[in-house]
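These notes concern the structure reproduced below.
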Amino acid sequence: MCYELDLKNPKTLNEKIQWLKIYDSTSLKTKYADKYLVRKHIKETIGEKYLIPLIAVYDKADDIDFDILPNQFVIKCNHGSGYVIIVRNKEELNKEEAIQKLNSWMSINYAFTYGLELHYKNIKPKILIEEYIENEKQEKNDLAENSGLYSYSFYCFNHKVKFLRIYKGSGNETKANCYDTNLNLLPFRIQRENLKKDYIPPKEEIYKMIKLSEKLAKDFTFVRADWFLLNNKDIKFGELTFTPYSGTMEFIPKEWDLKLGEVLKLN
């Protein structure tokens, strides 16, 4: 996305997200953007079974007792995006390097990192260690694109899911499809290339995630609810994101930025 913003009369989805960043960065958003505090809300609202089990919480990286941790786990900071270390084999983990990285992340106020995301400003940084989740290898006759762990993002406009994004991979290797709520493939992309054409969305579980997302979205004009789905059909909560890509999503074709902006109604 590259165009001059009109915050007096925002029309595109990105413009409206920018408007919300300035005029709607509430304390409730701060609470639910906090990856530690939001766990209580998830437990009380939809149930603890949707949470990835938490192993430990630390205020400082130097306090982490690696000896008590299992062989596989995930380290993440609660106060921003992308602050994640995935440990698939503890013996191969460079602990000093991990601590150095965590100390660097813990010193950052994420609100001022990628464009004034003020709801992050007052989050007290913590280090969470969660269980490592993954899918077991599927049978040979399953579609290759269906194996592995997928992420599911549900974009809620005025308390209702208007479209969803299913993606797989990490970094530059990530691919994603966008769908409407009837699971029709939409004619646009956000940043990434599409998944393979033979990908089949899990309809029943997605409809369940839509309901869960809308329950979590009831207090917000706009929010993205993220989930993981395992092969055994367990659904696990990822996070609530109020300003995806900090309001700089690259829509391909670009006219979808305006089309989706027309759907979102600002108070």
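Here the structure is a predicted model, which is why all the values come from computation and not from measurement.
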Legend entry - Thr12-Lys259 side chain donor-acceptor pair, cut-off 3.5 Å: no

Legend entry - Side chains of Ser81 and Thr241 in contact at under 4.5 Å (non-hydrogen atoms): no

Inset, instruction - Report yes if the side chains of Ile99 and Phe66 come closer than 4.5 Å at any heavy-atom pair, otherwise no. - result: yes

Inset, instruction - Kindly confirm or rule out a cation-pi arrangement of Arg39 over Tyr36, judged by NZ or CZ under 6.0 Å from the six-membered ring centre and within 45° of its axis? - result: no

Inset, instruction - Report the residue from Ile42, Leu212, Ile46 that forms a side chain to side chain contact (heavy atoms under 4.5 Å, CB included) with Phe237. - result: Ile42

Legend entry - Pairing of Asp226 and Arg224 as salt bridge, 4.0 angstrom limit: yes

Inset, instruction - Please report the shortest heavy-atom distance between Ala33 and Tyr120, naming the atom on each side. - result: CB-CE2, 4.1 Å

Inset, instruction - Look at the side chain of Asn184 and the backbone N and O of Asp180, then say whether any donor-acceptor pair between them is shorter than 3.5 Å. - result: no

Inset, instruction - Taking all non-hydrogen atoms of both residues into account, name the closest pair between Gln18 and Ser246 and its distance. - result: NE2-O, 2.9 Å

Inset, instruction - Give a yes/no verdict on a cation-pi contact between Lys16 and Trp19, requiring under 6.0 Å between NZ or CZ and the six-membered ring centre and an angle within 45° of the axis. - result: no

Inset, instruction - Could you tell me whether a side-chain N or O of Ser25 sits under 3.5 Å from a main-chain N or O of Ile22, the two making a donor and an acceptor? - result: no

Inset, instruction - Indicate, with yes or no, if Tyr245 and Leu5 share a hydrophobic cluster defined by side-chain heavy-atom contacts under 4.5 Å among Ile, Leu, Val, Met, Phe, Trp and Tyr. - result: yes

Inset, instruction - Check whether any side-chain heavy atom of Ile85 lies under 4.5 Å from a side-chain heavy atom of Leu102, and answer yes or no. - result: yes

Inset, instruction - Before accepting this row, confirm whether a basic side-chain N of the pair Glu193/Lys175 lies closer than 4.0 Å to the acidic partner's carboxylate O. - result: no

Inset, instruction - Flag yes if Tyr155 and Leu186 sit in one hydrophobic cluster, no otherwise; membership is Ile, Leu, Val, Met, Phe, Trp, Tyr, and two members link when side-chain heavy atoms are under 4.5 Å apart. - result: yes

Inset, instruction - Write down the atom of Cys77, the atom of Ile127, and the distance for their closest heavy-atom approach. - result: SG-CG1, 4.5 Å

Inset, instruction - Would you tell me whether Arg192 and Tyr167 have side-chain atoms, one donor and one acceptor, within less than 3.5 Å of each other? - result: no

Inset, instruction - Please examine the side chains of Phe154 and Ile206, heavy atoms only from C-beta on, and report whether any two atoms are closer than 4.5 Å. - result: yes

Legend entry - Note, Asn194 side chain near Arg189 side chain (heavy atom, < 4.5 Å): yes

Inset, instruction - I would like to know whether Tyr207 and Glu205 meet side-chain hydrogen bond (donor to acceptor under 3.5 Å, both in side chains); could you show each step before the answer? - result: CA-CA 5 Å; Tyr207 289 156; Glu205 290 75 23; over 6 Å; no

Inset, instruction - Answer yes when Glu214 and Lys218 have at least one side-chain N-carboxylate O distance shorter than 4.0 Å, and no when they do not. - result: no

Inset, instruction - Could you tell me whether the side chain of Leu13 reaches within less than 4.5 Å of the side chain of Met249, counting heavy atoms only? - result: yes

Legend entry - Closest non-hydrogen atom pair between Lys124 and Asn78, with its separation: O-ND2, 3.0 Å

Inset, instruction - Step by step, work out the side-chain contact (heavy atoms from CB on, under 4.5 Å) result for Leu128 and Ile55. - result: CA-CA 8 Å; Leu128 312 183; Ile55 299 172; over 6 Å; no

Inset, instruction - Answer yes or no: is there a side-chain heavy-atom contact under 4.5 Å between Leu54 and Ile129? - result: no

Inset, instruction - Applying side-chain hydrogen bond (donor to acceptor under 3.5 Å, both in side chains), run through Tyr32 and His41 and close with a yes or a no. - result: CA-CA 8 Å; Tyr32 294 163; His41 177 61; 3.1 Å; yes

Inset, instruction - Please tell me if the side chains of Leu149 and Phe228 come closer than 4.5 Å, counting only heavy atoms from C-beta onward. - result: yes

Legend entry - Minimal non-hydrogen separation, Asn9 against Asp6, with atom names: N-OD1, 3.1 Å

Legend entry - CA sep, side-chain torsions, deciding dist, call: His119, Thr243, side-chain contact (heavy atoms from CB on, under 4.5 Å): CA-CA 9 Å; His119 55 285; Thr243 52; 3.4 Å; yes

Inset, instruction - Using modelled atom types only, decide if a donor and an acceptor are shared between the side chain of Glu173 and the backbone of Gly169 within a distance under 3.5 Å. - result: no

Legend entry - side-chain hydrogen bond (donor to acceptor under 3.5 Å, both in side chains) assessment of Tyr3 paired with Asp257: CA-CA 12 Å; Tyr3 53 84; Asp257 191 6; 2.6 Å; yes

Inset, instruction - Say whether, by atom type as modelled, one donor and one acceptor occur between the side chain of Asp234 and the main chain of Leu229 under 3.5 angstrom. - result: no

Inset, instruction - Quick one: do Leu20 and Thr221 satisfy side-chain contact (heavy atoms from CB on, under 4.5 Å)? Show the steps, please. - result: CA-CA 9 Å; Leu20 289 166; Thr221 301; 4.3 Å; yes

Legend entry - Parallel, tilted or perpendicular: ring planes of Trp227 versus Tyr50, cut at 30 and 60 degrees: perpendicular

Inset, instruction - Would you please indicate if the ring centroids of Tyr83 and Tyr110 are separated by under 6.0 Å? - result: yes

Legend entry - Which atom of Lys90 lies closest to which atom of Pro70, heavy atoms considered: CD-O, 3.7 Å

Legend entry - Residue pair Thr248 / Glu250, side-chain donor-acceptor N/O under 3.5 Å: no

Inset, instruction - Using a cut-off of 6.0 Å, state whether more than 12 heavy atoms not belonging to Tyr23 lie near its atom OH. - result: no

Legend entry - Whether Asn109 side chain and Ala111 backbone form a donor-acceptor pair below 3.5 Å: yes

Inset, instruction - Take Val84 and Ile75 through the test side-chain contact (heavy atoms from CB on, under 4.5 Å) and record every step on the way to the result. - result: CA-CA 6 Å; Val84 179; Ile75 310 174; over 6 Å; no

Legend entry - Main-chain N/O of Pro53 paired to Glu131 side chain as donor or acceptor, under 3.5 Å: no

Inset, instruction - Salt-bridge test for Lys21 and Glu117: reply yes if a basic N is under 4.0 Å from a carboxylate O, no otherwise. - result: no

Legend entry - Lys31 atom NZ, neighbour heavy-atom count above 12 within 6.0 Å: no

Legend entry - Check: Lys203 side chain, Leu183 main-chain N or O, donor-acceptor pair, under 3.5 Å: no

Inset, instruction - Could you tell me if the ring centre of Phe222 sits under 6.0 Å from that of Phe242? - result: no

Inset, instruction - For the pair Asn177 (side chain) and Leu195 (backbone), establish whether a donor and an acceptor sit closer than 3.5 Å, ignoring hydrogens and angles. - result: yes

Inset, instruction - Give a yes or no answer on whether the side chain of His79 reaches the backbone of Trp105 with a donor-acceptor pair at less than 3.5 Å. - result: yes

Legend entry - Any donor-acceptor pair under 3.5 Å from Gln72 side chain to Arg88 backbone: yes

Inset, instruction - Assert yes or no for the condition that the ring centre distance of Phe188 to Phe163 is strictly below 6.0 Å. - result: yes

Legend entry - More than 12 heavy atoms of other groups within 6.0 Å of Lys236 NZ: yes

